[in-house]
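Keep in mind it's a predicted model, so treat the numbers as computed, not measured. Just the heavy atoms: all of them, side chains too, but no hydrogens, waters or symmetry mates, feed the values below. This chain uses plain numbering: 1 for the first residue, then up along the sequence.
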Amino acid sequence: MIITLELDSETPIYEQLRNQVVIGIATGELEPEEKLPTVRQMADDLGINVMTVNKAYALLKQEGYIVIDRRHGAKVSPRKLDGEEGSNSAHLEERLQLLIAEAAIQGMSQPRFDALCLRIFSSMKYAKQ
């Protein structure tokens, strides 16, 4: 998986890293149980501070996207594909509400928004139609 960061973005670097890992998991670029680079290796590869990668990994672990073992490092969590939506749906709904509000303010029509969502959602490996 290739990670690209926008160093001049208003989005913090740790959040950009977190978001790209989540997208990599959802699209299947990162498979369950796949080993991730060490914090130091990721920092060296991206040219960023070790603490920034550490913060991103800690957030990914807290959210359940990765597991970290001191002896074996970080790896992608095994995915539960049993049909459960997960316990984080209220948080996801809140974030989606903000995205919809931003799209509406910028003048995007509902049909265009729906089509965009459908296109992106259908590209996710774990999406249920």
Side-chain angles (χ1 to χ4, degrees):
M1 178 175 160
I2 297 173
I3 294 177
T4 55
L5 302 173
E6 294 181 32
L7 302 178
D8 58 347
S9 171
E10 290 184 19
T11 304
I13 294 172
Y14 79 90
E15 195 173 320
Q16 292 180 49
L17 179 55
R18 175 251 180 227
N19 293 347
Q20 289 197 28
V21 170
V22 170
I23 291 169
I25 293 168
T27 60
E29 284 186 72
L30 293 171
E31 294 291 335
E33 306 285 336
E34 185 173 335
K35 191 167 173 37
L36 298 174
T38 65
V39 170
R40 186 173 307 282
Q41 184 63 53
M42 179 75 80
D44 288 345
D45 290 348
L46 297 174
I48 59 176
N49 189 294
V50 172
M51 293 306 292
T52 302
V53 177
N54 196 45
K55 187 171 184 177
Y57 275 22
L59 186 56
L60 288 161
K61 179 183 176 187
Q62 176 186 342
E63 294 171 337
Y65 293 113
I66 67 172
V67 293
I68 299 174
D69 180 298
R70 290 180 191 234
R71 291 182 291 165
H72 302 290
K75 63 182 180 177
V76 176
S77 293
R79 302 297 336 142
K80 288 190 241 175
L81 299 176
D82 56 8
E84 292 182 26
E85 288 186 25
S87 60
N88 207 12
S89 60
H91 178 66
L92 292 174
E93 184 174 341
E94 182 180 305
R95 291 173 52 201
L96 184 56
Q97 182 180 24
L98 178 60
L99 287 173
I100 292 169
E102 290 172 353
I105 289 169
Q106 293 179 23
M108 184 178 282
S109 69
Q110 182 178 349
R112 184 163 178 237
F113 184 84
D114 291 346
L116 179 63
C117 288
L118 182 59
R119 181 178 60 80
I120 294 170
F121 193 82
S122 64
S123 72
M124 301 298 153
K125 181 176 181 176
Y126 299 106
K128 297 188 188 231
Q129 300 297 325

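The two atoms that bring L36 and Y57 nearest to each other are CB-OH, 3.6 Å, heavy atoms only. Closest of all the heavy-atom pairs between G28 and E31 is O-OE2, 3.0 Å. Minimum interatomic distance between E63 and R18 (heavy atoms only, all atoms of both residues): OE1-NE, 2.9 Å. Of all heavy-atom pairs between M124 and T27, the closest is SD-CG2, 3.7 Å. Nearest heavy-atom pair across M1 and Q20 is CE-O, 2.7 Å. Here the closest non-hydrogen pair linking P78 and P32 is CA-CB, 4.0 Å.
Note on I23: it does not cluster hydrophobically with V53, by side-chain heavy-atom contacts below 4.5 Å among ILVMFWY residues. Note: the hydrophobic cluster containing Y14 does not contain I68 (ILVMFWY, side chain heavy atoms under 4.5 Å, direct or indirect links). Cluster annotation: M42 and L30 are assigned to the same hydrophobic cluster (Ile/Leu/Val/Met/Phe/Trp/Tyr, side-chain heavy-atom contacts under 4.5 Å, transitive). Hydrophobic clustering (side-chain heavy atoms under 4.5 Å, transitive across Ile, Leu, Val, Met, Phe, Trp, Tyr) keeps I105 apart from I100. In the hydrophobic clustering of ILVMFWY residues, with side-chain heavy atoms under 4.5 Å counting as a link, I3 and I13 come out together.
Looking at T11, its side chain never comes within 3.5 Å of a backbone N or O of Q16 through a donor-acceptor pair.
The number of heavy-atom neighbours closer than 6.0 Å to NZ of K61, taken from other residues, nucleotides and ligands shown, is 12 or below. Within a 6.0 Å sphere centred on CD of E102, heavy atoms belonging to other residues, nucleotides or ligands number more than 12.
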Does the pair L98 and R95 meet the rule for a side chain to side chain contact (heavy atoms under 4.5 Å, CB included), with working shown?
CA-CA 5 Å; L98 178 60; R95 291 173 52 201; 5.8 Å; no
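How far NZ of K75 is from NZ of K35: 9.0 Å, rounded to the nearest 0.5 Å. Note that the CG atom of D114 and the CZ atom of F121 stand 13.5 Å from one another [nearest 0.5 Å]. To the nearest 0.5 Å, atoms CG (L96) and SG (C117) are separated by 6.5 Å. Distance CG/L17 to CG/L59: 10.0 Å, rounded to 0.5 Å.
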